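Data block below; observations after.
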Amino acid sequence: MAKEWGYASHNGPDRWHELYPNAKGDNQSPIELHTKDIRHDPSLLPWSASYDPGSAKTILNNGKTCRVVFDDTYDRSMLRGGPLTGPYRLRQFHLHWGSSDDHGSEHTVDGVKYAAELHLVHWNPKYGTFGEALKQRDGIAVVGVFLKIGREKGEFQIFLDALDKIKTKGKDAPFNHFDPSCLFPACRDYWTYQGSFTTPPCEECIVWILLKEPMTVSSDQTISMHETHSIPISVLRIPIAL
């Protein structure tokens, strides 16, 4: 297996465990959600996000995805409530997509794959550092937003326009004054479960908050994602059934 993981046959998900043993753990993500089997938990609370637009810093092409990085040195952009027992700091958000609009999301809902999936990654500041939070079962909270094809999403275009500046691996560019809560759908209903990162090292430290209602974007907007250079966009990890 090549030292750098990917989605090809020689370094894809079936071989990640060779270098990253977590990839064969008991709480791996993504999963396939069967809504008829999901049970309502009345103890779960509504969740809320309070993001400071000034904490948005840069956008980066790391060769696997495009990531927007935020200042997380203090309690500036925060996620609260839902299944969480305390506040979490926003560190970054990134996008997963496929080679066409009929697949691209990491998670699957009743056999349906969405065009893409947005992940907003937060960490629990009670652990002191992001690195230490990665070692804890409740160290990370990720809000997942599905993208489906429909009407254009104006706020999402700000992110897409920035992709033109980072078309090759290793490129970054300023990405300032952006509140990612503008990407949330109107309905805040969610599914939640204990899982992992969907890419190596696949640490099992994530409380997932998957929004039931997708964000709608236009097919013209997804073309911008499909055309982004240096990003593997064809094969994603196969979900585990729930």
Side-chain angles (χ1 to χ4, degrees), residues 30 47-72 77-79 90-109 112-122 141-168 171-191 198-199 208-234 236:
W47 63 275
S48 64
S50 177
Y51 296 147
D52 175 1
S55 64
K57 295 300 180 185
T58 58
I59 186 169
L60 165 72
N61 179 339
N62 66 2
K64 300 294 192 300
T65 187
C66 297
R67 175 184 298 169
V68 175
V69 179
F70 291 77
D71 175 12
D72 63 348
S77 288
M78 307 299 291
L79 176 71
L90 177 64
R91 182 175 178 87
Q92 51 104 339
F93 74 76
H94 61 270
L95 197 65
H96 296 267
W97 67 91
S99 56
S100 63
D101 290 340
D102 61 356
H103 67 277
S105 64
E106 295 273 88
H107 291 85
T108 303
V109 182
V112 174
K113 271 192 172 293
Y114 288 94
E117 185 172 331
L118 181 71
H119 290 164
L120 295 98
V121 180
H122 311 73
V142 177
V143 178
V145 184
F146 297 115
L147 278 66
K148 72 174 184 179
I149 304 303
R151 290 186 301 176
E152 180 175 306
K153 177 77 170 178
E155 297 87 347
F156 188 57
Q157 193 61 42
I158 299 171
F159 170 76
L160 295 178
D161 289 344
L163 297 183
D164 284 337
K165 303 174 183 176
I166 56 163
K167 286 190 172 181
T168 56
K171 287 280 189 179
D172 61 25
F175 192 85
N176 305 125
H177 202 75
F178 184 77
D179 182 351
S181 63
C182 69
L183 303 177
F184 294 146
C187 178
R188 298 294 180 93
D189 291 350
Y190 64 93
W191 299 294
T198 61
T199 56
W208 280 95
I209 300 175
L210 292 172
L211 303 192
K212 294 182 180 180
E213 181 180 322
M215 175 175 69
T216 300
V217 298
S218 70
S219 56
D220 285 344
Q221 289 182 303
T222 60
I223 288 173
S224 298
M225 300 188 304
H226 299 156
E227 291 179 345
T228 299
H229 302 311
S230 300
I231 302 287
I233 58 172
S234 56
L236 297 177

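Residue numbers run from 1 in the order of the sequence given. Just so we're clear, the structure is a prediction, and the values are computed from it rather than from any experiment.
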Please confirm whether the backbone N or O of [Y] pairs with a side-chain atom of [X], one donor and one acceptor, at under 3.5 Å?
X      : Y      : answer
Lys113 : Thr108 : no
Glu117 : Glu106 : yes
Gln221 : Lys153 : yes

Quiz item: Charged N to carboxylate O below 4.0 Å: is that the case for Lys212 and Asp189?
Solution: no

Within-4.5 Å side-chain heavy-atom neighbours: [X] and [Y]:
X      : Y      : result
Leu79  : Leu90  : no
His96  : Thr199 : yes
Phe175 : Lys165 : no
Ile209 : Trp47  : yes
Leu120 : Val145 : yes
Leu118 : Phe159 : no
Asp179 : Glu155 : no
Ile59  : Leu163 : yes

Quiz item: Under 30°, 30 to 60°, or over 60°: which ring-plane class applies to Phe70 and Phe93, parallel, tilted or perpendicular?
Solution: tilted

Quiz item: Which of parallel (below 30°), tilted (30 to 60°) and perpendicular (above 60°) describes His107 and His119?
Solution: perpendicular

Self-check item: Atom NZ of Lys57 with >12 non-hydrogen neighbours under 6.0 angstrom
Solution: yes

